[in-house]
Amino acid sequence: DSHVQYERVGADVTMKCGSMDWDAAVTWTANGTDIDESHLNGSYLILKNVDLSQSGQYSCYEGSSWHLKYQTYLRVGTPPKEPVLMCRSNNYPKGFYCSWHLPTPTYIPNTFNISVIHGTKDMVCEKDAVPKNRCHIRYLQLFSTVKYKVTLTVTNALGKNFTTLTFDEFAIVKPDPPESVVAKPVPNNPRRLEVSWQNPSSWPDPESFPLKFFLRYRPLILDQWQHVELSDGTSHTITDAYAGKEYIIQVAAKDNDIGTWSDWSVAVHATPWTEEPKHLTTEAQITETTSASTSSFMAPPTTKICDKGAVVGSGAMAVCWTAGLVVAAYSVLFI
Amino acid sequence: MAAADSPSTALRRRDLCSRGIRLAGKMRADVVDLLDAYVEQQGLDASASVAAVEGVPLAAVERWDEQTGTQRLLENLAAYRAFRALLAQMLEEQREQLGEADEGLGRALAAVLLQVSAFAYHLEELLRLESRGVPGEEGDGPPPPPRLSLFEQKLRGLGVLRELAQWAVRSVRDLRQLTKPSPATGAAPSLAESP
C-alpha cells in the first residue's frame, strides 16, 4: 500500500518494507533508482539526517520476485514557525480583512485556521478565493471600544504554531493609495504643476467618510521632498516648482478622522511649462556671421514681440511671422 | 410623513451640522489629550480593558447606516447629556481626591465638560429646527451610583473618556449623514426619513 510520510529536516528515518521480516531480501528504490545496500539494515531502509532533496517516492520490492511490497511518499519539511498576520480596513466602514503568511516555507502542506472574537462574540472571517491566505469580515457594529482579537493557527504534519492580534476598530483603518494621479504643466507658468487624483475605488463612501490627502513632490535632481497636506478636494497646484526641472509626485490618503495614512500612490513625473528655446543673437554673433565666407541658413531670431507669454490673440502670430521675415531679410543682406 | 424642507431650513441645518462637525472634531482632539493625561496622572495602563460601566452610553451601534436622522440626533443628545453628568461627577471626585493638587487635569476636565454641554445644546438646536420636541431631561438623571473605591473610580473615569472619544467620532459621522442629499429628491433629507 502507498501512503505519505512526513519527516523533519535533520531527522533519522527508518522505513520498514511493509510486513516483510527484518531478514528478508529486499530492494529499495528512491524515485525509481535503486538505493545502495549501505543504507539498509536488514530489510529496513535507514536515512540519516534527511534533507529536502530526499523527498520523493520510496518503494520496496521483494528480492527475487520483484513484487512491490511497500511504497511511501516521503515529504521532508519543517514544523511551522510563528505566522505573520496583518489585519486592515481599506473599505471602512464596511469591514476589514486579515492576511497572513509564513516567514519561512515548511515545504509540506499547511492548514490555516483563523478565529475572530469581538468581546464575547465569535465572528466568521470568510475566506477569499484569491488570494488564498486572506479572509474578510463585515462589521456588525461601528464605533465600538471593544477590541477585536484575531488568532491565526497554522498546522502541518510536523507541528503547529499560532499568533494573535488585538486591535480596535479605528486603529486598522488604512485606505488604499489614491488612484489615477495625473500631473500636468500649466501653460505660461514655468513654476506650476497641476496635480489631480481620485479616491481609491475600494473606499466605499467618501461622501460620508471623506479622505484627506498628503502630497509630496521633488525635482528628480534633489532628494528632499516637499509636503502638502490637503483636507479636501482631489487636486492641487504646485506653485514653487523649479523651472524646467522634471518632478516626481506622489499622493497618500487617510480617513479624515481615524486610522493611518495609505501607502504612497504610484509616482508620476511632470515638468513645468517652459518657453520655447530662443535663438540667442548678440551683436558679436551678428558681426561674426557677416564676415563668414560660407553661407549657412540662420533661423530668424525671435523677438520680444513674438514672446508667447507677452502676446495673446490671433494677431500675435501675424506679427511674429512678419518680424521673422524682416530679420531673415536683414540677415541675408549681411552674408 | 414630514414635510419637505424649506430652503432656509435646509441651509440652517447645513450650517448647524457644519459647526457641529467642527465642534465634535475639536472635542475629540481634546478628549484624546485628556485621556493621555488622565491615564498618566491616575497611574493606569493605557491598554487596560474596562468593562462596560453602568450609566456610560456606548457609542457602539448596529446598522448605523440605516438610522434615520431623528434617531441619530436623539441618541447623540441622550449620550451627551449623560456625559455631562458623568464628567461633572468625575470633576467632583477629582477635586475630592487631589484638591487643588492637579489643577491641570481638573482644568482639562472642566474644558471638555464645557464642550460636551455646548454640543448637547447644539443638538437641541438641530432637533428644534426639525420641529421635534426636545426630550426633557429626567429630573436630575438616574440615582447616584453606589460609592466606588478610588481604583474603581479611576477605571470608570477611563471608561467614560474612552467612550466619549468614540462618541465624538460617531457624532461627526452622524452629522455628515444629516447633510447628505436624499437619494430620492436630491435635497437634504427630512430627518424622519431613512437616510
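A, B, ... follow the sequence lines: proteins, then strands. Residue 1 opens every chain.
For A:Tyr242, the OH atom sits in a loose shell: 12 or fewer heavy atoms of surrounding residues, nucleotides or ligands are nearer than 6.0 Å. By the 6.0 Å contact criterion, CZ on A:Phe167 is enclosed, its count of non-hydrogen atoms from other residues, nucleotides or ligands being greater than 12.
Looking at B:Val172, the atoms closer than 4.5 Å to chain A (heavy atoms on both sides) all sit in the side chain, from C-beta outward. Proximity to chain B is limited to the backbone of A:Leu140, based on heavy atoms less than 4.5 angstrom apart.
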Would you enumerate the inter-chain donor-acceptor pairs between chain A and chain B whose distance is below 3.5 Å?
unit_1, atom_1, unit_2, atom_2, d
A:Leu142, N, B:Val61, O, 2.9
A:Leu142, O, B:Val61, N, 3.0
A:Phe143, O, B:Ala60, N, 3.4
A:Ser144, O, B:Gln166, NE2, 2.9
A:Thr145, OG1, B:Glu163, OE1, 3.0
A:Asp205, OD2, B:Lys180, NZ, 3.3
A:Ser208, O, B:Arg176, NH1, 3.4
A:Ser208, OG, B:Gln177, OE1, 2.4
A:Ser208, OG, B:Lys180, NZ, 2.9
A:Asp255, OD1, B:Arg173, NH1, 3.3
A:Asp255, OD1, B:Arg173, NH2, 3.4
A:Asp255, OD2, B:Arg173, NH2, 3.0
A:Asp257, O, B:Arg28, NH1, 2.4
A:Asp257, OD2, B:Arg173, NH1, 3.2
A:Asp257, OD2, B:Arg176, NH1, 3.4
A:Asp257, OD2, B:Arg176, NH2, 3.4

